[in-house]
Amino acid sequence: MRLNGQRRWAAAGVAVATAVATFGVALSAPAGAAPGCRVDYKANSWGGGQFGASVKITNLGDAVSGGWTLKFSFSGSQRVAQGWSANWSQSGADVTATSMSWNGSLGTGASIDIGFNGSGAGTNDANPSTFTLNGTTCTGDVVPTTTTTTTTTTTTSNGPGPGPGKVDNPYVGAKQYVNPDWAAKASAEPGGSRIANQPTGVWLDRIAAIAGTVDSRGLVGHLDEAVRQAAGTPLVIQLVIYNLPGRDCSALASNGELKPTEIDKYKTEYIDPIAEILARPAYKDLRIVTTVEIDSLPNLITNVTPRPTAVAACDVMKANGNYVTGVGYALAKLGAVPNVYNYLDIGHHGWIGWDDNFGATAELLFQAANASGSTKANVQGFIANTANYGALKEPYFKIEDSVNGTSVRQSKWVDWNRYVDELSYAQAFRQRAVQAGFDANVGMLIDTSRNGWGGSARPTGPGPTTNVDAYVNGGKLDRRIHLGNWCNQSGAGLGERPKAAPESGIDAYVWMKPPGESDGASKEIPNNEGKGADKMCDPTYTGNIRNGNNMSGALPDAPLSGKWFSAQFQELMRNAYPAL
Ligand code: BGC
């Protein structure tokens with residue numbers, strides 16, 4: 001959710017055939033009141049009564065430090081459906097937005113961008129005309145004026161420059177790219193057509209994937225198809241940048257083609273060609289989301305000496321610095337393309353949620369964001385739970401709960417973690433990242449492709465309060481044997497369908513891992529992609545220290561990672577939650 005200076009306002013005029021109403025608000029203040037704020041409100045209608053609104057608040061009065069409250073009223077029956085960067089509530093036509101813990105300070109002259117998706121609007125009647133900030137009417141001027149409300153309605157078009165510029169949350173008001181190669185496999189499965197039209201990530205998991213392989217079209221093919229699907233409206237296409245030297249040092253199933261030292265090859269034969277293609281004028285109107293290097297930096301925190309969970313290959317990658325160098329390079333090169341939105345990987349709550357991993361990860365990500373010529377401005381936000389199975393929300397137990405005086409943090413399942421689900425983890429990480437130095441408007445993505453945990457085994461209420469383990473195990477949605485299990489998990493189901501701005505601080509729920517694609521082979525399968533046999537994908541494996549020496553929980557007979565795994569796809573559909 002990075003804000004990109006004025007380009008954001010140009011971005012409200014992306015190449016859509018919607019009308020944008022711009023209200024320059026300058027209303028008279030109550031006598032004697034010092035006018036202290038300005039609100040720029042822009043609504044984009046996208047038909048069917050649906051609209052998205054960006055609200056820029058500028059404080060023209062004294063600095064506000066203890067939080068702020070913005071109020072306005074709709075003129076009709078519009079409703080706020082989902083908002084971001086503020087706590088939104090509505091009573092009748094009256095809307096209130098209050099600051100979040102991380103944006104409650106607003107210096108004199110400072111601005112903050114918030115917004116919401118709404119419903120119930122005609123083309124242009126979603127526009128309130130009066131706003132108050134902490135009780136002061138926002139006149140837009142430091143000198144009280146008489147009432148002059150100006151309204152201009154413009155038909156939007158692209159401004160000058162290489163592209164439409166970056167918006168605060170690329171998912172808002174945009175369609176999403178459906179990968180036809182994945183959709184074909186999904187719809188070939190019985191019942192698969194129910195989800196074949198969902199947007200999924202396009203994984204550029206080796207150099208050959210740029211030009212295309214037998215399984216999938218190349219990057220140009222995807223982008224051309226994305227332009228066709230966009231048909232002149234905003235469209236998000238999601239790419240996974242995934243080919244670091246010494247990739248995924250703790251999981252043999254996802255090792256890649258580049259050796260730990262091949263950083264130059266990564267730059268010149270992988271990132272540079274991708275950046276060149278993304279920068280082509282033909283693609284300037286796409287919103288290109290790039291999730292950058294899944295599983296790399298978190299490994300440098302948890303799987304290195306002197307941790308008991310250390311893996312020699314991760315020590316090598318920490319010592320040679322090539323993950324940090326490579327991530328910085330990718331961010332800088334891709335971020336230089338005006339319509340590319342970089343999201344950095346933050347693992348998931350069952351990995352980075354412990355106190356000694358959490359802050360350290362945020363700090364390391366900040367270091368990488370400033371490596372190889374990059375700056376934090378190249379980071380739009382972060383993605384949690386990519387290709388993992390962590391429940392989005394655990395409704396039947398919270399981290400604050402205790403049973404007979406024992407905290408759930410002491411249960412075997414939680415094991416002193418600070419978070420019990422991905423939503424609370426992602427929202428908290430966002431704040432910690434801002435503390436580490438990232439921009440206050442960064443936004444989060446959560447991969448909900450396989451974390452639904454529906455089906456007959458899904459609990460319908462809290463577990464018994466006999467003891468803390470019974471309580472947690474009886475109530476948790478996540479049916480994994482251990483939080484550290486990650487390969488082709490038995491019992492998993494499709495999670496929330498992709499959705500823009502579903503919760504505060506969350507840019508979108510996404511399906512970055514295409515459901516039905518394996519996490520790794522159950523047995524060794526020779527291949528030329530660098531993929532090894534990982535015992536965590538073998539259902540008979542009894543585990544290691546990283547999964548508490550538990551069974552792997554993996555489905556049998558799985559193919560190589562990334563290959564189609566029909567049995568898993570069927571199970572994911574059966575256990576979908578929300579159900580299909
Ligand atoms: C694999 C990739 C694959 C991706 C998406 C990863 O685990 O290593 O090759 O493209 O999953 O299925």
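Here, residue 1 is the first one in the sequence, and each next residue gets the next number. Ligands are counted one by one from 1 in listed order, and the atoms in each one are counted from 1 as well.
Under the ring-ring contact (aromatic ring centres under 6.0 Å, His included) rule, F382 has a single partner from F438, Y341, Y425, which is F438.
Using a distance-only test at 3.5 Å, with no hydrogens or angles considered, a donor-acceptor pair links the side chain of N357 to the main chain of W351. Judged by distance alone, the side chain of S518 and the main-chain N or O of K563 form no donor-acceptor pair under 3.5 Å.
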Output, or 'none' if empty, a list of ligand 1-protein atom pairs in which both atoms are N or O and the distance is under 3.5 Å, rounded to 0.1 Å.
from	atom 1	to	atom 2	distance (Å)
ligand 1	8 (O)	S561	OG	3.2
ligand 1	9 (O)	D205	OD2	2.4
ligand 1	9 (O)	K531	NZ	2.6
ligand 1	10 (O)	D205	OD2	3.2
ligand 1	11 (O)	K513	NZ	2.8
ligand 1	12 (O)	K513	NZ	2.9
ligand 1	12 (O)	E517	OE1	2.5

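In this structure, the ring of Y329 has its center no less than 6.0 angstrom from the ring center of Y266. Ring centers of Y419 and F429: at least 6.0 Å apart, outside the cut-off.
At least one side-chain heavy atom of L223 sits less than 4.5 Å from a side-chain heavy atom of L278.
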